[in-house]
Amino acid sequence: QVQLVESGGGLVRDGGSLRLSCAASGRTLSSYAMGWFRQAPGKDREFVACIGRSGSSPGYVDSVKGRFTISRDNAKNTVYLQMNNLKPEDTAVYYCAAGWINCPVAESGYEYWGQGTQVTVSS
């Protein structure tokens with residue numbers, strides 16, 4: 001099994017930046033594709049970004065392209081989501097997930113999920 005723990009969330013002003021981290025334990029992340037999802041208040045959980053097992057085929061939802069960057073450091077067993085130029089509509093609980101299919105965009109493509117970290121962007 002893989003245990004995932006997100007960190008780095010918090011309160012940031014409109015236009016600010018945050019970097020989320022997802023640290024794995026139990027097994028190494030090198031065998032897994034990784035994704036980030038988010039769930040805003042009153043909304044369904046939505047895909048944000050994904051990255052393949054070796055850092056290949058990164059993908060993003062259109063609303064974050066050019067602002068967010070997903071990366072991974074398999075030696076540190078950690079996946080990151082760098083979020084720049086944050087907007088109030090980015091406010092959500094952010095979850096990281098691990099799966100076997102390279103860069104799936106659907107929730108069903110992931111086997112393991114973290115507990116989530118809150119990101120709040122104020123105007």
Side-chain angles (χ1 to χ4, degrees):
Q1 296 185 359
V2 175
Q3 185 176 9
L4 304 174
V5 179
E6 303 96 333
S7 62
L11 176 64
V12 66
R13 298 181 69 89
D14 190 358
S17 298
L18 287 172
R19 189 176 77 159
L20 305 183
S21 298
C22 175
S25 62
R27 300 184 68 175
T28 61
L29 286 184
S30 60
S31 296
Y32 299 93
M34 300 297 298
W36 287 95
F37 290 75
R38 66 187 180 186
Q39 187 167 23
K43 302 290 186 179
D44 293 332
R45 187 162 56 185
E46 67 172 349
F47 168 80
V48 177
C50 63
I51 190 167
R53 290 186 293 271
S54 299
S56 60
S57 302
Y60 303 90
V61 67
D62 286 344
S63 61
V64 309
K65 288 181 178 178
R67 299 189 298 119
F68 290 11
T69 302
I70 187 171
S71 62
R72 66 191 301 161
D73 187 339
N74 288 339
K76 296 182 178 179
N77 230 25
T78 302
V79 176
Y80 305 96
L81 184 68
Q82 178 67 46
M83 304 184 294
N84 298 326
N85 193 23
L86 283 161
K87 304 174 181 179
E89 52 263 41
D90 295 318
T91 295
V93 176
Y94 284 71
Y95 301 88
C96 97
W100 287 106
I101 302 171
N102 273 339
C103 206
V105 300
E107 294 180 27
S108 60
Y110 297 90
E111 295 285 335
Y112 306 102
W113 294 81
Q115 84 288 349
T117 186
Q118 177 71 48
V119 172
T120 302
V121 185
S122 62
S123 300

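Computed from a predicted structure; not experimentally measured.
Here the straight-line distance linking atom CZ of Arg53 with atom CG of Leu29 works out to 12.5 Å at 0.5 Å rounding. Considering CG of Leu81 and OG1 of Thr117, their distance stands at 11.0 Å, rounded to 0.5 Å. A distance of 9.5 Å separates CD of Gln118 from CG of Leu11, quoted to the nearest 0.5 Å. We find the OG-CG distance between Ser122 and Asp14 to be 7.5 Å, quoted to the nearest 0.5 Å.
The closest donor-acceptor contact from the side chain of Asn77 to the backbone of Ala24 lies under 3.5 Å. Checking side-chain atoms of Arg38 against main-chain N and O of Val119 turns up no donor-acceptor pair under 3.5 Å. Although no hydrogens or angles enter the test, the distance criterion places a donor-acceptor pair under 3.5 Å between the side chain of Tyr60 and the main chain of Ile70. Remark: side-chain polar atoms of Arg72 are paired, donor with acceptor, to backbone N or O of Gly52 under 3.5 angstrom. Looking only at distances, no side-chain donor or acceptor of Ser30 sits under 3.5 Å from a matching main-chain atom of Thr28. Between the side chain of Asn102 and the backbone N or O of Ala33, no donor-acceptor pair lies under 3.5 Å. Of the possible polar contacts, one joining the Glu6 side chain to the Gln115 backbone as a donor-acceptor pair under 3.5 Å is found. Looking at Gln39, its side chain never comes within 3.5 Å of a backbone N or O of Ala92 through a donor-acceptor pair.
Ion pairing between Asp62 and Lys65 holds under the 4.0 Å rule for side-chain N and carboxylate O.
When all heavy atoms of Pro104 and Phe47 are compared, the pair lying nearest together is O-CE1, 3.8 Å. Between Cys50 and Tyr110 the shortest heavy-atom distance is CB-OH, 3.5 Å. The two residues Pro58 and Cys103 make their nearest non-hydrogen contact at C-SG, 4.3 Å. In terms of heavy atoms, Ser21 sits closest to Thr78 at CB-CG2, 4.2 Å. For the pair Asp90 and Arg67, the tightest heavy-atom approach, listed with the atom from each and the gap, is OD2-NH1, 2.7 Å.
Every pair passing ring pair (Phe, Tyr, Trp, His ring centres under 6.0 Å) that includes a residue from residues 65-102 is listed here, sequence neighbours excluded: Tyr32-Trp100.
Residues Val12 and Met83 fail the side-chain proximity criterion, which asks for heavy atoms closer than 4.5 Å.
A donor-acceptor contact closer than 3.5 angstrom links the side chains of Asn84 and Ser17.
For Cys22, the side-chain contact (heavy atoms from CB on, under 4.5 Å) partners are Leu4, Met34, Trp36, Val79, Cys96, not counting sequence neighbours.
Environment of CD in Glu89: crowded, with over 12 heavy atoms of neighbouring residues, nucleotides or ligands closer than 6.0 Å.
Note on Tyr112: it does not cluster hydrophobically with Ile101, by side-chain heavy-atom contacts below 4.5 Å among ILVMFWY residues.
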